[in-house]
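One structure is given below, encoded as structure tokens.
Only this structure's heavy atoms are used, side chains among them; waters, hydrogens and symmetry mates stay out. One-based numbering, in listed order, for ligands and for the atoms of each.
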Amino acid sequence: MQPPLAATASEGVRVYGLSDQDLAIQARARGFADELIPGEVTAELSGGDLPPDVVAGHAKRARELGLAATNMPTELGGGGCSTLQQVLVQEQMGRVTNALGWVASTPPSWLPPVATPYQIEHFVRPAVAGEREECYAITEEGAGSDVAGLEATARRDGASYLLNGVKWHVTSFNTADFAFFQGVLAGGENAGQHAMFLVDLPSPGVRVVRTPAYTHTISHHHPIVEFADVRVPATHLIGAEGDGMSFAYEWFRFERLMVAARCLGAAARLTDEMTTFASERRVSGRPISEFGTVAAMLADSLTELFAARSLVYETARGIDGGIDVKIAHAQCSMAKLYASEMAGRVADRAVQVFGGRGYMRENVAERFFRELRVERIWEGTSEVQRAIIAAQMVKRTPAALA
Ligand SMILES: Cc1cc2nc3c(=O)[nH]c(=O)nc-3n(C[C@H](O)[C@H](O)[C@H](O)COP(=O)(O)OP(=O)(O)OC[C@H]3O[C@@H](n4cnc5c(N)ncnc54)[C@H](O)[C@@H]3O)c2cc1C
């Protein structure tokens, strides 16, 4: 693959009004992404895996460059970055396929304000330092879009809780050493409400039912995991009984914006690569970029990327400026909806521009074509995002949201 024609990061982004600090962290992230990209094909052809020492080296380098835990407070060892800067970093990580950019981890930033001192020391600080890794056990076979419909239970038993349920798609369970478990309280004065728990892994009663194969090729698995009478001390309850749903919403808001950011990066990489290819590949003596139908695919891709990037950066700036949380919620849904659908269209066009090469796994367009599909599904499907946006439009007026 030829190096992209793209302008340098600083030339390419002045239009977005980024500060020198923003540009500096963006340039660091871009440089790091460029270091990761050469490992993509090896990972693709090895079921997503790179040698453990290579992965450890990547993770160390992400921390050294200040690209890991950018969303966590500095007093806990995190980067304390603005939302816009977190977006800039995740955008660059999105340029890399096979989830190699996930080493620029984003531990749960909603947790520190509600965590106890014990939880800060046992879970939060080690996660920020890259010594521990979390996974989320929320979705179930019958409850994905409707998180409120969970059936997993948490029953108080003396100084502990007993957790029961079967969770689906538990991303990174194979690498994580603690899980967030959301369940419905069974018994007690808050029966029927949701609660969130921290579960050390492994723990007696936690078992993988099976590990299905998924469309993308990444080292992080998404197994179905059973929790059978898993006993956790009451000190592992996060916040209060009944708080579970509010934590899930906070996580969704953050992660939807970061999904959108990574989709920008994917679309930018694809736009760069297809532009390079279209200018170099000659058919009937002419570069294919001169054929109107190919030119239209290039032009539509960059136009949509520009629109999506403007939306995502503006949403991040609004959050940094203290915008109302409900408005932010709807805007994060708009950002995720538009950026993920845009990236899917760009990937489809990129495959087409590359022709037969675009169908080969060694080609970035082929990999993104498969990998980007899930961005319209996880962290709330496109249909769910539309439902959230429309509900807020009716409640607050369209003008309040955009
Ligand atoms: C690769 C992968 C990794 C994941 N990782 C995790 C994880 O780490 N932890 C975790 O807890 N979950 C995880 N998930 C689960 C993910 O968040 C859900 O799959 C997603 O929210 C959709 O839920 P569902 O699969 O149950 O689909 P369903 O809810 O069954 O939806 C089926 C269809 O109905 C539509 N639909 C549903 N409700 C509405 C509505 N109100 N209006 C209009 N249409 C609607 C959907 O848009 C979809 O088209 C992961 C999923 C995948 C695929």
Side-chain angles (χ1 to χ4, degrees), residues 47-48 97-99 102 105-108 110 127 133-152 154 163 165-184 194-199 201 206 208-227 238 244-245 247-260 262-263 266 329-330 332-333 336-337 340-341 343-344 367-394:
T97 65
N98 302 88
W102 287 15
S105 58
T106 50
W110 55 269
E133 187 186 336
E134 75 282 7
C135 63
Y136 282 80
I138 298 177
T139 302
E140 298 170 7
E141 182 175 11
S145 300
D146 51 342
V147 180
L150 295 183
E151 289 186 352
L163 311 182
V166 179
K167 297 296 187 174
W168 275 47
H169 313 295
V170 185
T171 298
S172 304
F173 184 84
N174 57 320
T175 52
D177 59 9
F178 70 95
F180 290 100
F181 175 98
Q182 188 172 331
V184 182
H194 285 222
M196 184 89 86
F197 297 88
L198 289 151
V199 183
L201 297 174
V206 181
V208 171
V209 177
R210 67 186 176 90
T211 301
Y214 285 72
T215 303
H216 51 207
T217 315
I218 70 173
S219 63
H220 300 258
H221 301 166
H222 317 281
I224 298 171
V225 180
E226 182 187 45
F227 293 72
I238 306 170
M245 281 306 291
F247 300 146
Y249 287 136
E250 217 169 312
W251 166 255
F252 283 148
R253 207 158 38 245
F254 167 80
E255 193 53 20
R256 284 170 187 163
L257 191 60
M258 297 305 143
V259 163
R262 288 189 288 272
C263 286
H329 203 77
C332 288
S333 287
K336 191 218 179 228
L337 171 65
S340 63
E341 303 244 334
R367 295 195 298 281
F368 268 133
F369 181 70
R370 278 180 292 117
E371 291 182 14
L372 286 169
R373 190 63 187 83
V374 77
E375 308 292 3
R376 289 184 258 165
I377 296 171
W378 59 15
E379 307 305 342
T381 63
S382 287
E383 292 71 35
V384 166
Q385 307 309 331
R386 289 187 173 99
I388 292 168
I389 298 160
Q392 290 296 321
M393 287 167 71
V394 172

Nearest protein heavy-atom contact for [atom]: which residue, which atom, what distance?
atom                    : result
atom 53 (C) of ligand 1 : Val374 CG2, 3.7 Å
atom 43 (C) of ligand 1 : Glu383 CB, 3.6 Å
atom 24 (P) of ligand 1 : Gly144 CA, 3.9 Å
atom 11 (O) of ligand 1 : Thr139 N, 2.8 Å
atom 27 (O) of ligand 1 : Ser145 OG, 4.0 Å
atom 17 (O) of ligand 1 : Glu379 N, 3.7 Å
atom 4 (C) of ligand 1  : Thr171 OG1, 3.3 Å

Test of proximity, [X] against ligand 1: N or O pairs below 3.5 Å:
X      : answer
Tyr214 : no
His169 : yes
Ile138 : yes
Glu140 : no

Can you tell me if [X] and [Y] form a side-chain donor-acceptor pair at under 3.5 Å?
X      : Y      : value
His220 : Thr171 : no
Arg370 : Thr217 : yes
Glu341 : Ser382 : yes

Phe180/Trp110 aromatic ring centres below 6.0 Å: yes
Whether Phe181 and Phe197 hold their rings parallel, tilted or perpendicular, with breakpoints at 30° and 60°: tilted
Any non-hydrogen protein atom less than 4.0 Å away from atom 35 (C) of ligand 1: no
Protein non-hydrogen atom found under 4.0 Å from atom 20 (C) of ligand 1: yes
Side-chain (Asn98) to main-chain (Glu371) donor-acceptor, under 3.5 angstrom: no
Proximal candidate to atom 2 (C) of ligand 1 [heavy atom criterion; set Trp378, Trp251, Phe173]: Trp378
Pairwise distance CZ(Arg373) to NE2(His216) - rounded to 0.5 angstrom: 13.0 Å
